[in-house]
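Scroll down for the structure; my scribbles are underneath it.
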Amino acid sequence: MFRKLIGYALYFVGLGLWFILLSVFLFWAIPWMVLAFLAGWLTHSREWPELKEYMLWKWLRDQYFKFEVIGNLPAERDQGRIIYAIYPHGHFSVTATFFWALNPAFANARAAVHSAIFYLPIFGSFVRWIGAIGVTEKEMTDTLKAGRPIYMCPGGVAEIDKTGNDLVKRSGFIRVACHTNATIYPVWCPEERSYYSHYMPLGRSLQSLFGFPIPFFVWGAWWCPLFPRSMPSRIYVGTPISTEGRLMRDVEQEFWAEMNRLQRK
C-alpha cells in the first residue's frame with residue numbers, strides 16, 4: 001500500500017512538472033517523462049475504478065467541454081455486448097477520454113487502444129488505470145464475451161491530419177462484433193478536430209517511416225501542447241446496429257451509411 005501511494009505521489013508531481021516544462025521547451029521534459037513512467041510502472045498493476053468518481057471529470061464534461069449527447073445511449077444496466085465506434089480519432093481522443101473513460105456511467109466499459117500506448121510515459125499508466133485492453137481481435141472478443149462493452153476510435157492516429165468528414169475506414173471492429181453478436185453504436189463527434197491545431201511540415205515524409213502522420217507542433221488552449229480548447233461539444237449517437245445472424249458486409253454497409261447520416265447533421 002505504501003509503495004502504491006509513493007507511486008501515485010511521484011506520478012502526479014512528475015505529470016504537473018512535465019506539463020509546465022513541455023510548454024516551455026520540449027527537451028526539458030525528458031527527465032520528468034522518465035519520472036512519470038517509473039511512477040506509473042509502480043501503480044499500473046490493476047484498474048483504478050475510483051479514478052472515474054472524481055468531481056473534476058464531471059466539471060470537465062458539463063462545464064469545460066459541455067458535452068451534449070444527441071441520440072440515445074443505453075442505460076448502464078443495459079450495457080453488455082456493445083462496441084461504441086467513436087469517430088473521428090482527433091489528436092488525443094478527447095471525447096473518448098473525458099466522456100467515456102472518466103465517466104462512472106461507463107464504469108463497466110473498457111477502452112480498446114493500440115498496444116504501443118501501454119509503453120508510453122503517462123499515457124501508458126492512464127490506460128491501465130481505466131482498464132484498457134489492446135485493440136486485438138482476441139482481447140476484444142474475450143471482453144465482449146465477458147459481457148463488458150468496448151469503446152474505441154477505429155480510425156486511430158492515421159486520422160490526425162484529416163479534416164472535416166474525412167475518415168479512415170476500418171472494419172476489424174465490425175468483424176469482432178459479428179463474431180460475438182455484439183451491437184455497434186456509431187458515434188460522430190464533430191468538435192474532436194477543433195480541440196487542437198497542428199503544424200506538420202514533415203508529416204507526410206515521416207508517415208512513410210512511422211505509418212501515420214507526425215505533427216511537428218500541436219497546440220490547444222493557451223498555445224499549450226496538451227490542454228484542449230474549451231467549447232460546446234456534440235456527441236451524435238446513431239441507430240444501434242445489430243450483428244446477430246448477419247453477414248459482415250451487410251453490417252459494414254449499414255454502419256457507414258449511418259455514419260454518413262450522422263455527419264450531415
Side-chain angles (χ1 to χ4, degrees), residues 57-74 82-103 105-106 109 111-114 123 130 135 149-174 177 183-200 203 212-215 217-241 251-265:
W57 314 133
K58 185 178 188 305
W59 178 84
L60 287 170
R61 285 193 301 272
D62 298 342
Q63 304 299 324
Y64 193 82
F65 296 114
K66 300 181 179 68
F67 286 121
E68 177 189 6
V69 178
I70 304 169
N72 296 312
L73 288 168
I82 290 174
I83 296 179
Y84 299 102
I86 306 167
Y87 275 93
H89 181 281
H91 289 88
F92 296 109
S93 302
V94 168
T95 308
T97 299
F98 292 103
F99 188 79
W100 265 271
L102 297 172
N103 193 336
F106 300 98
V113 303
H114 195 286
F123 298 107
I130 64 173
V135 63
I150 290 173
Y151 56 95
M152 61 185 301
C153 300
V157 293
E159 288 188 338
I160 286 178
D161 66 332
K162 305 297 183 185
T163 59
N165 294 342
D166 191 10
L167 302 179
V168 175
K169 295 185 177 181
R170 293 195 167 115
S171 58
F173 70 98
I174 298 176
T183 299
I184 302 174
Y185 275 75
V187 180
W188 171 246
C189 310
E191 277 70 47
E192 187 65 45
R193 287 175 168 162
S194 302
Y195 296 126
Y196 297 94
S197 301
H198 66 255
Y199 176 58
M200 197 167 56
F212 55 87
I214 307 293
F217 291 111
V218 176
W219 66 93
W222 313 297
W223 291 88
C224 177
L226 288 177
F227 292 118
R229 299 183 179 99
S230 171
M231 64 183 67
S233 305
R234 297 160 294 171
I235 299 174
Y236 289 105
V237 181
T239 303
I241 300 172
V251 174
E252 186 173 4
Q253 183 177 4
E254 183 178 349
F255 174 84
W256 289 114
E258 182 64 10
M259 186 61 68
N260 290 335
R261 185 185 71 82
L262 293 176
Q263 289 179 324
R264 291 194 298 269
K265 289 191 172 184

Please check: side-chain N/O of [X] versus main-chain N/O of [Y], any donor-acceptor pairing under 3.5 Å?
X: R193; Y: G90; result: no
X: R229; Y: A221; result: no
X: Q263; Y: W188; result: no

Distance-minimising heavy-atom pair for [X] and [Y]:
X: P228; Y: V94; result: CB-CG2, 4.1 Å
X: V187; Y: M259; result: O-CE, 3.7 Å
X: L167; Y: P88; result: CD2-CB, 4.1 Å
X: L102; Y: R61; result: O-NH1, 2.6 Å
X: M152; Y: A112; result: CB-O, 3.8 Å
X: D161; Y: H198; result: CA-CE1, 4.0 Å

| message | With side-chain contact (heavy atoms from CB on, under 4.5 Å) as the criterion, how do F67 and D62 come out once you've worked through the C-alpha distance, each side chain's angles and the decisive distance to 0.1 Å? | response | CA-CA 6 Å; F67 286 121; D62 298 342; over 6 Å; no
| task | Run the salt-bridge test on K162 and E159 with the 4.0 Å N-O cut-off and return the result as yes or no. | result |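 Here K162 does not pair with E159 in a salt bridge, since their nearest N and O are not under 4.0 Å apart.
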Separation of [Y] [atom2] from [X] [atom1] (nearest 0.5 Å):
X: K169; Y: F255; atom1: NZ; atom2: CZ; result: 10.0 Å
X: S233; Y: Y64; atom1: OG; atom2: OH; result: 10.0 Å
X: E192; Y: I235; atom1: CD; atom2: CD1; result: 9.5 Å
X: E191; Y: R234; atom1: CD; atom2: CZ; result: 4.0 Å
X: I86; Y: T95; atom1: CD1; atom2: OG1; result: 7.5 Å
X: N103; Y: T97; atom1: CG; atom2: OG1; result: 12.0 Å

| Does a donor on one side chain sit under 3.5 Å from an acceptor on the other, for Y195 and S230? |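 The answer is no; no qualifying pair exists.
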So, for [X] and [Y], is the gap between ring centers shorter than 6.0 Å?
X: Y87; Y: W256; value: yes
X: F98; Y: F92; value: no
X: Y151; Y: F106; value: no
X: Y84; Y: W100; value: yes

| task | Verify the neighbour count for atom CG of N72: are there more than 12 heavy atoms of other residues, nucleotides or ligands below 6.0 Å? | result |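 Result for CG/N72: open.
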| For K58, does the NZ atom have more than 12 heavy-atom neighbours from other residues, nucleotides or ligands under 6.0 Å away? |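 Count not over threshold, so no.
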| Could you walk me through whether F227 and W222 pass the side-chain contact (heavy atoms from CB on, under 4.5 Å) check? | CA-CA 8 Å; F227 292 118; W222 313 297; 4.0 Å; yes
| task | Take I184 and I174 through the test side-chain contact (heavy atoms from CB on, under 4.5 Å) and record every step on the way to the result. | result | CA-CA 8 Å; I184 302 174; I174 298 176; 4.1 Å; yes
| task | I would like to know whether I241 and Y185 meet side-chain contact (heavy atoms from CB on, under 4.5 Å); could you show each step before the answer? | result | CA-CA 6 Å; I241 300 172; Y185 275 75; over 6 Å; no
| query | Side-chain contact, heavy-atom cut-off 4.5 Å: V69 with V237? | reply |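 Touching, per the 4.5 Å side-chain cut-off.
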